[in-house]
Amino acid sequence: MTVTFTASSPEDSSALILPLGKSQSIDLVTSDLSTETGAALKRAAKASRFDGALASIVEIFAETDKGARRILVVGTGNGDDGESLEKAGGAAMAKLLTSGETALTFDARSHSADSAGSRMAFGALQRSWRLDSYRTKAPAKTKPSVKEVTVVAPEDEAAGWDRYQSVYAGIALARELVTEPPNVIHPAGFVGRCKPLADLGVTIETLDKAQMTALGMGALLGVAQGSAQDPHMLIMRWDGTDGAQKKPVAFVGKGVTFDTGGISLKPGPGMEDMKFDMGGAAAVAGAMRALAGRKAKAHVVGVCGLVENMPSSNAQRPSDIVTTMSGQTVEVLNTDAEGRLVLCDAMHWVQEEYSPDVMVDLATLTGAMLIALGFEQAGCFSNDDGLADQLLNAGTASGDKLWRLPLGKAYDKLIDSPIADIKNTGPREAGSITAAQFLQRFVKDGVKWAHLDIAGTAWRKTTSNLADKGATGYGVRLLDRFIADNYEG
Ligand code: BES
Ligand code: MN
Ligand code: ZN
């Protein structure tokens, strides 16, 4: 989809999209229209009880000298903020994507939020993403028709578009990785999809099974050992500071390309959803795509621990004891609590290799997270209040929201093992917290660390204003904003 900017509303046949807030008069958006069209729009708004509610839409076809033109007014609710504008843009795209319209014009000059038109177009792009490569028999009518987006905005706004385009590309990469089936996005397939980031200046490195064995990553390898697919560690590094920022910020992603549970097998119904269990790794890859795409002035390393969790005669057993790269031993009581086993070695490795001051991990780690926060916000656990605040603020600003949950000694005790240093599961209660406590045991002294449990936010069963049902790309906007606000001065 191409996005272009123009200073005045084009009088062509493109579908025209006008945002309107609850407290705004419709006169604000009809002033550029002919008297008849303006009047028709007002009648339609009244007749359909349109009140500017977020993402609600009133639509008319206006007769113009270029033929019938579709005009939509989209509600932005109570907010003149970027998030509402993104959602309104997404709602318009949802309605028009397969409508037959080929060109859309967004005119958000009624709103004073920063880059209002860009935010609408950004939301529209997000909502337009889909994976159609496996639909070989889809009727033409069901295929996306929209090819062009035009944004009506003050001249200086166009210069800022690059950043939205890059973040969108990051979201699209994350959604692609999550949506593609696990027979394609196995560990090697994941790496293959990320290799092109090298063209943007990202340094790509991988560790294979032999290298990880030599490093002593017994926990990660234990998860992988039941699968015919070899594990990989993917390391992506972007330095936009010319070496000025010595230590990179580290992002670490859980990349379980399919989670059957292993010998502690998950129930059949719903197991198909577990292709999304690399959503943390996908968010890290997407964030690297976004940062490199917009040449962020920061130094960041993204590490993805990529494995498949399968049952087989070679799989690890409940009660196996593995030795992690850190030297700590883990009693594997439940092979379905595999994410923490993958992450602990990836986290230890990146701390040894890059000595980061700040490390953020993202993982679809616990089902308990969905029970606690549902699909709306991800859980944030941190050993540092300042880092937690930075992340929560980035969440609010970007729309990828976070809610902080506690850590503490009393929770930590729950994962002491009677036979090894740690066990990989605690009691049923506080399952998301004990998972975070497990990870914290692999954080070195002095490292500011946060763990984001995105089990509820990486995948949706229902559509939202910004995504069709399925992969959300959660975390890309968040990490991009976190870096922009705290490292780029
Ligand atoms: N990938 C799952 C977490 C998950 C479950 C995410 C359901 C989204 C929906 C993770 O590997 C897992 O299986 N966790 C277990 C841990 C338990 C065995 C301690 C869980 O949450 O049930
Ligand atoms: Mn699992
Ligand atoms: Zn898992």
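As the structure is a prediction and not an experimental result, all values here were calculated from the model. For ligands, and for the atoms within them, numbers begin at 1 and follow the listed sequence.
- Across every non-hydrogen atom of Thr366 and Arg340, the tightest pair is CG2-NH2, 4.1 Å.
- Applying the 6.0 Å contact sphere to NZ of Lys297 captures no more than 12 heavy atoms from other residues, nucleotides or ligands.
- Closest to atom 16 (C) of ligand 1 among all protein heavy atoms lies Arg340 NH2, 3.9 Å.
- A distance-only check finds no donor-acceptor pair linking the side chain of Trp349 to the backbone of Met325 [under 3.5 Å].
- Remark: among candidates Val223, Leu341, Leu370, Asp277, the nearest residue to atom 1 (N) of ligand 1 is Asp277, based on non-hydrogen atoms.
- The protein non-hydrogen atom at the shortest distance from atom 18 (C) of ligand 1 is Asn334 ND2, 3.3 Å.
- A donor-acceptor pair is defined here as one N or O able to donate and one able to accept, closer than 3.5 Å; no such pair exists between the side chain of Thr457 and the backbone of Glu376.
- Scanning the protein heavy atoms around atom 2 (C) of ligand 1, the nearest turns out to be Asp259 OD2, 3.6 Å.
- In this structure, Lys266 counts as a contact residue of ligand 1, since one of its heavy atoms falls inside 4.0 Å of the ligand.
- With the Zn ion (ligand 3) as vertex, Lys254 NZ and Asp277 OD2 subtend 90°, rounded to 10°.
- In terms of protein heavy-atom proximity, atom 10 (C) of ligand 1 is closest to Leu365 O, 3.3 Å.
- For atom 6 (C) of ligand 1, the nearest non-hydrogen atom of the protein is Ala455 CB, 3.7 Å.
- At distances below 3.5 Å, not a single donor-acceptor pair connects side-chain atoms of Ser264 with backbone N or O atoms of Asn334.
- In this structure, the side chain of Gln245 engages the main chain of His299 through a donor-acceptor pair within 3.5 Å.
- Ligand-side atoms of ligand 1 in range of Met274: 1 (N), 4 (C), 5 (C), 6 (C), 7 (C), 8 (C), 9 (C), range being under 4.0 angstrom from any heavy atom.
- Contact atoms of ligand 1 toward Thr364: 1 (N), 2 (C), 3 (C) (distance under 4.0 Å to a heavy atom of the residue).
- Ligand 1 places these atoms under 4.0 Å from at least one heavy atom of Lys254: 1 (N), 10 (C), 11 (O).
- Heavy atoms of other residues, nucleotides or ligands lying less than 6.0 angstrom from NZ of Lys195 number 12 at most.
- For Glu338, the N/O/S atom at the shortest distance from the Zn ion (ligand 3) is named OE2.
- The number of heavy atoms from other shown groups lying within 6.0 Å of CG (Asp114) does not exceed 12.
- Looking only at side-chain heavy atoms (C-beta outward), Lys254 and Leu362 stay at 4.5 Å or farther from each other.
- Summary: OE1 is the N/O/S atom of Glu338 found nearest to the Mn ion (ligand 2).
- Ligand 1 places these atoms under 4.0 Å from at least one heavy atom of Glu338: 11 (O).
- Distances from the Zn ion (ligand 3) to the N/O/S atoms of Asp259 are shortest for OD2.
- Protein heavy atom closest to atom 17 (C) of ligand 1, with residue, atom name and distance, is Ala337 CB, 4.3 Å.
- For Lys423, the NZ atom counts as densely surrounded, since its 6.0 Å shell holds more than 12 non-hydrogen atoms of other residues, nucleotides or ligands.
- Under the 3.5 Å distance criterion, the side-chain polar atoms of Asp480 are left unmatched by any main-chain donor or acceptor of Ala290.
- Within the 4.0 Å heavy-atom criterion, neither part of Met271 lies near ligand 1.
- A salt bridge links Asp412 with Arg441: at least one charged nitrogen is closer than 4.0 Å to a carboxylate oxygen.
- Of the candidates Gly367, Ser264, Gly280, it is Gly367 that places a heavy atom closest to atom 21 (O) of ligand 1.
- Proximity to Thr425 (heavy-atom distance under 4.0 Å) selects the following atoms of ligand 1: 19 (C).
- For a threshold of 3.5 Å applied to N or O pairs, the pair formed by Asp336 and ligand 1 contains at least one separation below that value.
- Here's the thing with Phe276: none of its N/O atoms is less than 3.5 angstrom from an N/O atom of ligand 1.
- The Mn ion (ligand 2) lies closest to atom OD2 when only the N/O/S atoms of Asp259 are considered.
- Minimum interatomic distance between Ile483 and Ala298 (heavy atoms only, all atoms of both residues): CG2-CB, 3.6 Å.
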